[in-house]
Amino acid sequence: MYLLLLALIYLAFISLGLPDSLLGSAWPSMRAVFDVPISYMGIISMIISGGTICSSLLSDRLTSRFGTKYVVVCSVCLTATALFGFGASAEFWMLCIWAIPYGCGAGAIDAALNNYVALHYNSRHMSWLHCFWGVGTIISPYVMRWSLVHATWNCGYRIVSGIQFCIAVVLILTLTVWKVEQSSADKGEESKALGIKGALKIKGVPYLLLGFLAYCAAESTAMLWSSSYLVETRGISRELAAAFGALFFIGITTGRFISGFIAEQLGDRNLIRLGTGIIAAGILCVLLPVRTDGVALAGLVIIGLGCAPVYPSIIHSTPSNFGAENSQAIIGIQMASAYVGSTFMPPLFGLLANHVSMELFPLYLAAFFLLMIVMIEKTFRLVERN
């Protein structure tokens, strides 16, 4: 039963990753059909992020009232319906409408499952959980590529929507497997909702949120701007830059798989420190004024590997730092702060690149990663004193 439930949780996290990389791979074809500027993808992504932030903040109340299993099933169904709506959209404004449930479904399942695994499973499973999210993000572009070759972008959304509905059916048929949830009231999962104000009053939580925001800001900036940096400042070909930009994602996914094997031996705090050290080495490689481009290219891959254990370890340490009874509320706010960082900080770097220089890219990453480790270490010190 334990392993079956774990497999279902992994399956649910694949469903969470499936939509995340779909819009980017389909947008060149979509914008041509809707006859809108390329920048309009930002409108869609902002609406999705807004829905995700709202549902993350509400996850504490939803999970306390309905339980994790029902929140997960409803969220997967909501996302599947939104994806089908995307595939059926004939006008741009329709995409904006369907983007609302698209984001709401993602935020609720993200916060609920992260908290569930943090409460009931050890740290290696948290790393592998986020590795399976990476699997979902890798599958979708291949589905969309097949659809564009053999049909249209609409077909790609319908196929992924069908996959999501199939996952929802599997989850519905196996609801009884979540029996461990019924015996976890003492761990706070079915206790009264703490709320945002209550969570923020807990010592160390504001520092944790700022550190998590900083990490997600740096990670998203690296994902979105690494290829542009290589082309604009290093003179690397677009094809080679795109390939190494993709390796950043592979580095994170591979790193999280590897982290699962050493998570128990090192612990969450040491994994965060190890990841930060690897990130620093990667940034140094990018900054080195050497003639060969190989060092900078390798640096971006190293940054991806360093990022791998940080996010899962921060999440997994939340119940032990602040109590299982408070973890759902705090993790929900963490998810919201993560999406704030990943939504607004990469565009801010775009403005800096336009008005100052693209060469600020590694320094921009370094500033946020430094803020992250300082805030996380401060959080751990405050928790230890209590």
Side-chain angles (χ1 to χ4, degrees), residues 114 118 123-124 126-131 133-134 204-226 229 247-288 295-318 320-321 331 334-335 337-338 340-342 345-346 349 360-384:
N114 271 298
S123 57
R124 69 170 175 268
M126 182 64 80
S127 292
W128 288 336
L129 181 73
H130 287 271
C131 177
W133 169 85
V205 169
Y207 295 110
L208 173 70
L209 297 178
L210 183 56
F212 202 54
L213 185 151
Y215 168 78
C216 293
E219 182 190 84
S220 298
T221 301
M223 288 179 177
L224 291 174
W225 290 104
S226 58
Y229 170 77
L247 283 176
F248 180 86
F249 292 91
I250 296 173
I252 290 180
T253 304
T254 303
R256 284 174 178 167
F257 179 74
I258 296 171
S259 296
F261 292 101
I262 60 174
E264 292 303 300
Q265 291 80 8
L266 295 182
D268 293 323
R269 188 171 184 177
N270 286 330
L271 271 178
I272 294 169
R273 288 171 172 170
L274 175 62
T276 305
I278 295 173
I279 290 167
I283 292 175
L284 181 62
C285 289
V286 175
L287 280 170
L288 285 176
V295 177
L297 293 169
L300 290 174
V301 179
I302 293 170
I303 293 172
L305 286 170
C307 286
V310 177
Y311 190 113
S313 298
I314 293 175
I315 295 293
H316 188 264
S317 64
T318 301
S320 61
N321 284 338
I331 287 177
Q334 280 180 269
M335 295 299 103
S337 67
V340 169
S342 60
M345 295 303 106
F349 174 74
L360 291 174
F361 173 72
L363 298 177
Y364 191 82
L365 296 184
F368 276 110
F369 281 127
L370 178 61
L371 177 62
M372 178 270 294
I373 192 60
V374 169
M375 291 297 101
I376 296 301
E377 286 292 334
K378 189 171 183 64
T379 300
F380 277 107
R381 285 198 297 271
L382 286 172
V383 169
E384 287 172 353

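Values in this document were obtained by computation on a predicted structure and should not be read as measured data. Side chains included, hydrogens not; waters and symmetry mates left out as well; all remaining heavy atoms used.
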Between [X] and [Y], which heavy-atom pair has the shortest distance, and what is it?
X      : Y      : answer
Ile331 : Ala118 : CD1-CB, 4.3 Å
Cys216 : Ala338 : SG-CB, 3.3 Å
Leu287 : Pro362 : CD2-CG, 3.5 Å
Val295 : Cys285 : CG1-O, 3.4 Å
Pro346 : Gly341 : CD-O, 3.5 Å

Validation row: [X], [Y] side chains within 4.5 angstrom (heavy atoms):
X      : Y      : value
Ile315 : Phe212 : yes
Ile302 : Val286 : no
Leu208 : Met375 : no
Phe369 : Val310 : no

With rounding to the nearest 0.5 Å, note down the distance linking [atom1] in [X] to [atom2] in [Y].
X      : Y      : atom1 : atom2 : value
Ile376 : Leu210 : CD1   : CG    : 9.0 Å
Asn114 : Met335 : CG    : CE    : 4.5 Å
Tyr207 : Leu371 : OH    : CG    : 12.0 Å
Tyr215 : Phe368 : OH    : CZ    : 14.0 Å
Phe257 : Ser259 : CZ    : OG    : 11.0 Å
Ile258 : Thr253 : CD1   : OG1   : 11.0 Å

(request) List for me each residue that meets side chain to side chain donor-acceptor pair (under 3.5 Å) alongside Gln265, sequence neighbours excluded, and say none if there are none. (result) none
Table please: side-chain donor-acceptor pairs of residues 268-276 below 3.5 Å, with sequence neighbours left out.
{"from": "Asp268", "atom 1": "OD2", "to": "His316", "atom 2": "ND1", "distance (Å)": "3.0"}
{"from": "Arg269", "atom 1": "NE", "to": "Glu377", "atom 2": "OE1", "distance (Å)": "3.4"}
{"from": "Arg269", "atom 1": "NH1", "to": "Glu384", "atom 2": "OE2", "distance (Å)": "2.4"}
{"from": "Arg269", "atom 1": "NH2", "to": "Glu377", "atom 2": "OE1", "distance (Å)": "2.7"}
{"from": "Asn270", "atom 1": "ND2", "to": "Leu266", "atom 2": "O", "distance (Å)": "3.0"}
{"from": "Arg273", "atom 1": "NE", "to": "Glu377", "atom 2": "OE2", "distance (Å)": "2.8"}
{"from": "Arg273", "atom 1": "NH2", "to": "Glu377", "atom 2": "OE1", "distance (Å)": "3.1"}
{"from": "Thr276", "atom 1": "OG1", "to": "Ile272", "atom 2": "O", "distance (Å)": "2.8"}

Go through the structure and list residues passing side-chain contact (heavy atoms from CB on, under 4.5 Å) with [X], not counting sequence neighbours.
X      : answer
Leu284 : Leu288
Pro312 : Met126, Ser127, His130, Arg256
Leu213 : Ser337, Val340

(request) Would you please test Val205 and Asn321 for side-chain contact (heavy atoms from CB on, under 4.5 Å) and show each step? (result) CA-CA 9 Å; Val205 169; Asn321 284 338; over 6 Å; no
(message) Using modelled atom types and a 3.5 Å cut-off, is there a donor and acceptor pairing between side-chain atoms of Ser317 and backbone atoms of Ile314?
(response) yes
(request) State which residues pass ring-ring contact (aromatic ring centres under 6.0 Å, His included) with Phe349; sequence neighbours excluded, sorted by chain then number. (result)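 Result, ring-ring contact (aromatic ring centres under 6.0 Å, His included) vs Phe349: Trp225, Phe361, Tyr364.
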